[in-house]
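This chain uses plain numbering: 1 for the first residue, then up along the sequence. These values consider heavy atoms only, across backbone and side chains, with no hydrogens, waters or symmetry-generated copies.
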Amino acid sequence: MVTRNRLENLLKFKELMMKEFEMSDLGKLFYFLGMEYQMSKQGMVLHQKKYVKKILRRFRMDDLNPASSPVGTKLKLEKHGEEDKVNVTLFKKIIGSLRYVCNSRPDIGFAIGLVSVSWRF
């Protein structure tokens with residue numbers, strides 16, 4: 001993945017790289033590793049709408065209500081009484097998927113970090 005501020009510099013760079021390495025020019029970037037890129041007059045916008053919808057469907061959470069802020073900053077997670085056992089493998093898959101979403105949604109990073117390190121199995 002290569003970007004530029006001047007088209008002529010990009011063309012020179014691609015020409016040098018293609019001489020040195022076997023590579024292909026796939027054109028403008030739209031989707032890469034779960035990240036979606038959109039160009040606007042202000043610059044490039046990065047989001048993960050497709051990826052988020054995919055993981056919500058995967059973990060059967062696509063019909064849940066959205067929240068503007070996932071957790072307060074002073075929240076402490078505690079275990080109350082006898083609760084059902086958690087499927088550790090499923091939990092790790094969900095947290096891993098959500099950690100990747102933090103690349104484009106830093107606002108959920110604190111909540112994901114809190115849940116991932118505070119959970120006791």
| query | Has Phe59 got more than 12 heavy atoms of other residues, nucleotides or ligands less than 6.0 Å from its CZ? | reply |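 Result for CZ/Phe59: enclosed.
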| query | Is Leu46 reachable from Ile112 through a run of I, L, V, M, F, W or Y residues, each pair having side-chain heavy atoms under 4.5 Å apart? | reply |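 The answer is yes; both residues are in one hydrophobic cluster.
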| field | Cationic N near anionic O, under 4.0 Å, Glu8 to Lys12 | value |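 The answer is no: the pair does not qualify as a salt bridge.
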| said: Could you measure the distance from the CZ atom of Arg99 to the CD1 atom of Ile108? Nearest 0.5 Å is fine. | reply: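 Result: 10.5 Å between the selected atoms.
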| message | Pair Tyr100, Tyr51 - check ring-ring contact (aromatic ring centres under 6.0 Å, His included), show working. | response | CA-CA 9 Å; Tyr100 191 66; Tyr51 179 74; 5.3 Å; yes
| If you look at every heavy atom in Glu36 and Gln48, which pair is closest and at what distance? |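 Smallest heavy-atom distance, with atoms named: OE2-C, 3.8 Å.
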| request: Decide side-chain contact (heavy atoms from CB on, under 4.5 Å) for Val88 and Lys92; before the verdict, give the C-alpha distance in whole Å, the side-chain angles of both, and the deciding distance to 0.1 Å. | output: CA-CA 6 Å; Val88 177; Lys92 288 180 180 180; 3.6 Å; yes
| Taking all non-hydrogen atoms of both residues, which atom of Cys102 and which atom of Gly109 are closest, and how far apart? |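 Taking Cys102 first and Gly109 second, the nearest heavy atoms are SG-CA, 3.6 Å.
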| query | How far does CD1 of Ile94 sit from OG of Ser116, to the nearest 0.5 angstrom? | reply |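 Result: 12.5 Å between the selected atoms.
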| field | Within one Ile-Leu-Val-Met-Phe-Trp-Tyr cluster: Tyr37 and Met39, side-chain cutoff 4.5 Å | value |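 Shared cluster, yes.
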| said: Would you compute the distance between atom CG of Leu56 and atom NZ of Lys53 and round it to the nearest 0.5 angstrom? | reply: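 Going from the CG atom of Leu56 to the NZ atom of Lys53 covers 10.0 Å.
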| request: Report yes or no: is the cationic atom of Lys50 (NZ for Lys, CZ for Arg) under 6.0 Å from the centre of the six-membered ring of Tyr31, at an angle within 45° of the ring normal? | output: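 That pair qualifies as a cation-pi contact.
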Give every donor-acceptor pair under 3.5 Å between a side-chain atom in residues 20-29 and any protein atom, sequence neighbours left out.
unit_1: Asp25; atom_1: OD1; unit_2: Gly27; atom_2: N; d: 2.9
unit_1: Asp25; atom_1: OD2; unit_2: Lys14; atom_2: NZ; d: 2.5

